[in-house]
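When a ligand or atom number is given, it counts from 1 through the structure's own listing order. We're numbering straight along the sequence, starting at 1. Note that the structure is predicted; figures quoted are calculated from it, not measured. Computed from heavy atoms alone, side chains included, the values below leave out hydrogens, waters and symmetry copies.
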Amino acid sequence: MNYITQLYDLAKQYRENAYAPYSRFKVGAAIRCGHFFCGGCNVENISYPCGICAEAGAIAALATAGYTNIDEIMIVADTENIIPCGSCLQKISEFGTPDTIIYSADLNGNISTYKLSDLLPHNFNASEVKNA
Ligand code: THU
């Protein structure tokens with residue numbers, strides 16, 4: 001089974017549903033946890049800071065389905081090499097490991113591959129929270 005193709009197709013499909021009337025920049029994301037796949041798209045808001053990224057939507061779908069592990073995540077946008085924002089990298093780190101794979105793809109199927117640790121070498125983690 002080619003997980004990359006499945007993740008790409010799913011993220012590209014979810015991107016179509018992006019609600020991005022303000023930036024006009026549609027993003028789709030898909031997550032694999034074992035054999036489970038889910039995803040999300042960016043959902044903007046007229047109160048701009050209320051908008052959510054595609055990765056955040058995908059992570060919400062993951063948790064909603066009862067899963068708490070990201071094996072791989074694919075981000076698709078109409079640009080050469082989209083890198084998740086810092087906030088989303090922190091969100092990915094909550095459910096991933098430094099070795100979690102992050103794929104970045106454009107609409108033509110060009111895919112770049114990163115590890116979470118490439119993009120977020122250090123995160124804020126539970127050891128820094130006394131009550132966690
Ligand atoms: N966006 C994402 O959904 N994911 C990213 O990795 C980067 C940016 C969204 C947020 C906003 O709706 C639009 O792209 C432009 O920043």
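- Protein heavy atoms are found inside the 4.0 Å sphere centred on atom 3 (O) of ligand 1.
- Neither the backbone nor the side chain of I52 comes within 4.0 Å of ligand 1, counting heavy atoms alone.
- If you check each of N42, V76, I75 against atom 9 (C) of ligand 1, the one with the closest non-hydrogen atom is N42.
- If you number the atoms of ligand 1 from 1 as listed, the ones under 4.0 Å from a heavy atom of A54 come out as 2 (C), 3 (O).
- Under the 3.5 Å distance criterion, the side-chain polar atoms of N69 are left unmatched by any main-chain donor or acceptor of C33.
- With a 4.0 Å heavy-atom cut-off, ligand 1 is reached by the side chain of S23 but not by its N, CA, C or O.
- Between I92 and the options I102, L120, N123, a side chain to side chain contact (heavy atoms under 4.5 Å, CB included) holds for only I102.
- A donor-acceptor pair under 3.5 Å is formed between the side chain of Y8 and the backbone N or O of L107.
- In this structure, I82 is not a member of the same hydrophobic cluster as Y103, with clusters built from ILVMFWY side-chain heavy atoms closer than 4.5 Å.
- If you check which protein heavy atom lies closest to atom 10 (C) of ligand 1, you get C53 SG, 4.0 Å.
- Relative ring orientation between F37 and Y3 is described as tilted, the plane-to-plane angle lying within the 30° to 60° band.
- Heavy-atom separations between P84 and ligand 1 include at least one value shorter than 4.0 Å.
- Near E55, meaning under 4.0 Å from one of its heavy atoms, ligand 1 places the atoms 2 (C), 3 (O), 4 (N), 5 (C), 6 (O).
- Between the side chain of R15 and the backbone N or O of K26 there is at least one donor-acceptor pair closer than 3.5 Å.
- Proximity to E44 (heavy-atom distance under 4.0 Å) selects the following atoms of ligand 1: 11 (C), 12 (O), 13 (C).
- For atom 7 (C) of ligand 1, the closest heavy atom belonging to the protein is I82 CD1, 4.0 Å.
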As a quick check of understanding, evaluate ring-ring contact (aromatic ring centres under 6.0 Å, His included) for Y22 and Y48, giving each step before the final call.
CA-CA 8 Å; Y22 308 110; Y48 296 172; 5.6 Å; yes
